[in-house]
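This chain uses plain numbering: 1 for the first residue, then up along the sequence. When reading the values below, keep in mind they use all heavy atoms of this one structure, side chains included, and skip hydrogens, waters and symmetry mates.
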Amino acid sequence: MAWRGSILERIRVPVMQTLDRSPWSLPRVWNRRLSSHGDDHLEKEEVIERVLSVVKCHPKVDPSKVTPDVHFQKDLGLDSLDGVELVMALEEEFKLEIPDKEADKIDSCNLAIEYIAAHPMAS
């Protein structure tokens with residue numbers, strides 16, 4: 001049954017209104033989802049934007065201090081439990097599961113961005 005959801009997720013096309021209906025002017029999202037060459041992972045710029053947004057939404061974080069290079073404990077003053085909460089929030093945002101060994105290594109926005117940008121199942 002899990003494979004069914006995976007297949008349906010791959011064939012769904014987001015509905016967007018465009019003025020130009022030419023098949024050569026498909027929005028980037030469509031091009032990425034419809035590609036058959038396996039290179040359908042997220043753009044790094046999108047990953048950066050979404051990771052920073054998740055970190056800024058954490059209740060103990062001052063949004064003005066969040067940058068792509070910020071360290072969770074050293075720069076934001078978060079403890080290890082807060083780091084775990086951030087990783088869980090990132091898993092939810094990108095619809096992926098980060099193994100515990102990898103999650104323990106993610107202690108900064110930069111490491112989170114690099115991990116998610118390289119992850120083939122991130123969406």
Side-chain angles (χ1 to χ4, degrees):
M1 196 62 158
W3 60 270
R4 181 177 182 263
S6 178
I7 291 172
L8 289 176
E9 183 177 302
R10 292 260 182 223
I11 62 171
R12 286 194 183 130
V13 178
V15 178
M16 301 175 110
Q17 287 186 330
T18 59
L19 296 176
D20 183 9
R21 297 285 182 190
S22 163
W24 308 113
S25 65
L26 290 175
R28 270 171 93 184
V29 173
W30 289 12
N31 288 335
R32 186 179 75 222
R33 294 224 175 139
L34 295 176
S35 70
S36 61
H37 54 79
D39 188 26
D40 60 348
H41 60 278
L42 298 171
E43 298 288 332
K44 190 162 185 178
E45 293 79 25
E46 181 183 353
V47 173
I48 292 170
E49 181 181 316
R50 289 170 61 188
V51 166
L52 295 181
S53 175
V54 168
V55 174
K56 287 177 182 179
C57 288
H58 192 279
K60 294 183 181 177
V61 171
D62 177 4
S64 66
K65 293 183 179 180
V66 178
T67 66
D69 299 318
V70 74
H71 189 276
F72 298 152
Q73 292 177 339
K74 294 176 187 172
D75 300 324
L76 298 178
L78 301 178
D79 59 26
S80 59
L81 181 58
D82 295 324
V84 170
E85 289 175 355
L86 279 174
V87 171
M88 290 172 59
L90 291 168
E91 288 177 323
E92 187 175 321
E93 171 69 22
F94 291 95
K95 297 177 181 63
L96 56 88
E97 187 172 332
I98 302 173
D100 291 340
K101 278 188 169 186
E102 298 298 320
D104 291 341
K105 297 175 188 175
I106 298 175
D107 60 0
S108 67
C109 284
N110 192 36
L111 289 175
I113 291 164
E114 293 302 321
Y115 181 85
I116 293 167
H119 198 288
M121 297 303 289
S123 63

> What's the shortest heavy-atom distance between Leu42 and Ala122, and which atoms?
Replying inline: CG-O, 3.9 Å
>> Checking Glu93 now: which residues fulfil side chain to side chain donor-acceptor pair (under 3.5 Å) with it, not counting sequence neighbours?
In response: Arg50
>> Applying side chain to side chain donor-acceptor pair (under 3.5 Å), can you list everything that pairs with Glu85, at least two apart in sequence or on another chain?
In response: His58
>> Tell me every residue that passes side chain to side chain donor-acceptor pair (under 3.5 Å) with Asp62, counting only those two or more places apart in sequence or in another chain.
In response: Ser64
> Nearest heavy-atom pair of Glu91 and Ile98: which atoms, and what distance?
Replying inline: OE2-N, 2.7 Å
> Atom CG in Leu76, atom OG in Ser108: separation rounded to 0.5 Å?
Replying inline: 10.0 Å
>> The criterion is salt bridge (Lys or Arg N to Asp or Glu O under 4.0 Å); which residues satisfy it with Glu97, sequence neighbours excluded?
In response: none
> For Cys109 and Val55, which heavy atoms make the closest approach, and how far apart are they?
Replying inline: SG-CG2, 3.7 Å
> So how far is it from Glu45 CD to Ile113 CD1, rounded to the nearest 0.5 Å?
Replying inline: 11.0 Å
>> If you compare all heavy atoms of Val51 against all heavy atoms of Ala112, which two are closest, and at what distance to 0.1 Å?
In response: CG1-CB, 4.2 Å
> How does the hydrophobic cluster around Met88 look, that is, which other residues are in it when side-chain heavy atoms under 4.5 Å mark a link?
Replying inline: Val84
>> Membership question, hydrophobic clusters at under 4.5 Å side-chain separation (ILVMFWY): are Val66 and Leu111 in the same one?
In response: no
> Is Leu81 isolated, or which residues cluster with it under the ILVMFWY side-chain rule of less than 4.5 Å, directly or via members?
Replying inline: none
>> Once side chain to side chain donor-acceptor pair (under 3.5 Å) is applied, do any residues pair with Glu102, and if so which ones, sequence neighbours excluded?
In response: none
> Measuring from Ser53:OG to Ile48:CD1, what's the distance to the nearest 0.5 Å?
Replying inline: 13.5 Å
>> Restricting to salt bridge (Lys or Arg N to Asp or Glu O under 4.0 Å), what partner residues turn up for Lys60, sequence neighbours left out?
In response: Asp82
>> Tell me every residue that passes ring-ring contact (aromatic ring centres under 6.0 Å, His included) with Tyr115, counting only those two or more places apart in sequence or in another chain.
In response: His119
>> I'd like to check the side chain to side chain contact (heavy atoms under 4.5 Å, CB included) partners of Pro63; sequence neighbours left out, ordered by chain and number.
In response: Lys56
> Which side-chain hydrogen bond (donor to acceptor under 3.5 Å, both in side chains) pairs, counting each pair once, include a residue from residues 67-79, with sequence neighbours left out?
Replying inline: His71-Asp107
>> Minimum heavy-atom separation for Ile106 and Phe72, please, with both atom names.
In response: O-CE1, 3.9 Å
